[in-house]
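Numbering of ligands and ligand atoms starts at 1, following listing order. Throughout, residue positions are numbered sequentially from 1 according to the sequence presented.
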Amino acid sequence: MFRRMILSLVFFLGIVPSMARESRGHISVVLLGATGDLAKKYLWQGLFQLYLDEVSNGHTFTFHGAATADLEKGRRLMYGHLKNLACPLDVPPDRCAMLKDQFLRLTEYRQLKTEEDYASLNREIRTVLDQEDLEEVGRIFYFSVPPFAYGEIARHINSSCRPPTGAWLRVVLEKPFGQDLQSAQQLAEELKTFFKEEEVYRVDHYLGKQTVAHILPFRDQNRKHLDPIWNRHHVERVEIVLKETVDVKNRTSFYEEYGVIRDVLQNHLTEVLMLLTMELPANVSNSEDVLRHKLQTFASLQGLERSSIVLGQYEAYNSHVREELQKGQDYFSRTPTFAGVLVHLDNLRWEGVPFILTSGKVLDERVGYVRVLFKNRAYCTQHETTWDAKESQCKPKQLIFYIGHGELNSPAILVSRNLFKPTMPQGTWKELLDRPQLRLFGHSISDYYAYVPVADLDAYAVLISHIYHGKKESFVTTENLLAAWGFWNRLLTNWVNEVPRVYPGGQENGHLLDFEIIGGEVSFVMKETLEVMDAKNGQTPDQYKTIQSRFRQSRLITAWSEELIAHLAADIEKVAISTVSRSGSFHVALSGGSSPLALFKQLVLHHYGFPWRHTHLWLVDERCVPLDDPESNFGNLYEHLIRHVRVPYFNVHPMPVHLNRRLCVEEDKGPELYANEIGALVANASFDLVLLGLGADGHTASLFPHSSVGLEGNQEVIFTESPVKPHQRMTFALPFINKARRVWVLVMGKGKHDIVTVVSRAGNEPKKWPISGVNPTSGQIAWYVDYEALLG
Ligand code: BG6
């Protein structure tokens, strides 16, 4: 039945008979998972649409629905799905019936399980095409199957079902593509053994949504208006939102492993973020350029921190999991079903602009959109009732890519009238004029230029057409995939399983999931009313006061770490202000390590009166690595402090570990150079403040136990060896540290408790514990030690 009819069907249909005789070639489409849910909902309809769109262009097609079910069952299920195919609205019913009939005749079901099944499919395709005298153009294999099946199917296709030379192969994969960076890498490696990169089409159906697919063309066609404002000086913030009302009932076996970050943010919302933020290539239809620019933007994403996210879980989720996964009453899932994430980009265009990514299940509404909110600088002197949407600069200025659902219930692009009148493609988008009562984002629709697509196209139909046309930019390449996992991996490894905030669901959520951004940190607006009591004396921790006492006969300041850091930052600011007013400049030398990072953050976020303009930043020690190496002390100082404050460039003094294109070589005289620079700028080479840390072995700066290097002598700066990597270091010598006017030592965390105890009793034994040799000759020393380090 199925054989010998491809051409005759084309004739029968009355579709370009002359071309069919000289067919431009044949395409076989194999849908693996043809009886499944995705196939039922979207894929068969997408393939039918492809057939309708393309058959008139002279190509011929056959469609092979495949699954592991036997013929009878498979056919029954698959033809059940095919009953629901629909034609576009403008096709008259009788023609539609005919087209459907033709499509069905070109479609067969087959069981594909073994290598031999694939080999036999291959033979049949070849035989039919030979009989019909048709040239084979290509084969599409659409994997609508769970990822665990990918490997075997890929192997069979590669070994037994590849098209002949000259015809292309396109394999289409559905997410999930791994669960984290490592598993994605493994999967990618495995696929690489069977397919070339250009043969793989990874679907992210968001890239087929009409509005999402139009982001780049929109930016391109409106360059004239967007170029001046598509940057940090004009954009206040960008919201990328996918809210859903559904729960994940019947999907928990998948969802419990994935959660909202892996299910939606890592893929859909990240892809949208890239389309918004990437530098536009000259030609936005050039797949390679688009992908290259996208990858560059991935490289600009700033790493996520714990404070970049808030997580939630709808209340009924846990019972859904217990029921479906047969878990006991003591099972408490931590899988988040809601997430709000703050993303920053570290490039000149977007630095400082918050990109807020939000998604969740069982929320109050179903809607997807991107909202770009521009800064409003105008001050309007007239009463707001007279503001004109087009002229008033006081009305909000926003650009909205409305992905779907919500009040509009359609994809749309909206531009505030006081921004610009956008250029939209004729024929595919039209102005939305028939809903004057509608309000969106607090404003009447009449305040926007609003456009909707002329015809609603399903994302899968769009993507299937793009597969057929080889438009690679609509798909996720391996590099792109790994870059996305790379970005989310830190969050997934460290924080995604922290206890999420439980929310009741729907309207009842009230303001429970609202979050705010303060100083680059995200937190829920409504705080949870949980009181942590101190077991011993019933006090809440913040009732502790900073205790001032003595440590090694010197001033000791101790508190919980947060409070301690606040105290230290305030003390540094005080000293800086008084020093600047007395001598005009403040010279501080800072240590590396992790403890000072919290201090830097505190200084950045809470000390706007700090005299940075007159502050000189020096380093106490440095690792012999390039300055942009993650191990570099200066690199960290730059990342966490310098780039956020207004220290003049010429007041920043990295240690010269990298000279003559080599690291820490004696004859390059790095230590001497640094000592000379200090001598030239710091009065009496005596620092106003030296901030030290304490290692668990008693080391301080880069002066390590069991070595006498740097404990005595006149040399200010020296090379030393560390027992841990990177071994080579440059450091202030002990006598030079002791010349400072103030030396403050910051010690935090339980891991330091033992050494703090030892040092508290030790005498002056710098060879054993270099810290014990810190004893300023005419300056003062103070110890900032948190409770955990002090009390264990
Ligand atoms: C899918 C997720 O990829 O996208 C689902 O697995 C989510 O959890 C869906 O519901 C959202 O897509 P759409 O097209 O309904 O917005």
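Side-chain atoms of Asn480 and Glu271 include a donor-acceptor pair closer than 3.5 Å. Glu256 and Ser333 share a donor-acceptor pair across their side chains, judged by distance under 3.5 Å alone. For the 3.5 Å distance criterion, the side chains of His405 and Glu365 fail to qualify, holding no donor opposite an acceptor.
Looking only at distances, no side-chain donor or acceptor of Arg371 sits under 3.5 Å from a matching main-chain atom of Phe401.
Aromatic pair Phe63/Trp44: centroids not less than 6.0 angstrom apart.
In this structure, CD1 in Ile413 is found 10.5 Å from CD1 in Ile403, a value given to the nearest 0.5 Å.
A distance limit of 4.0 angstrom between heavy atoms and ligand 1 selects the residues Lys175, His205, Tyr206, Lys209, Leu242, Glu244, Arg251, Asp263, His268, Lys361, Arg366.
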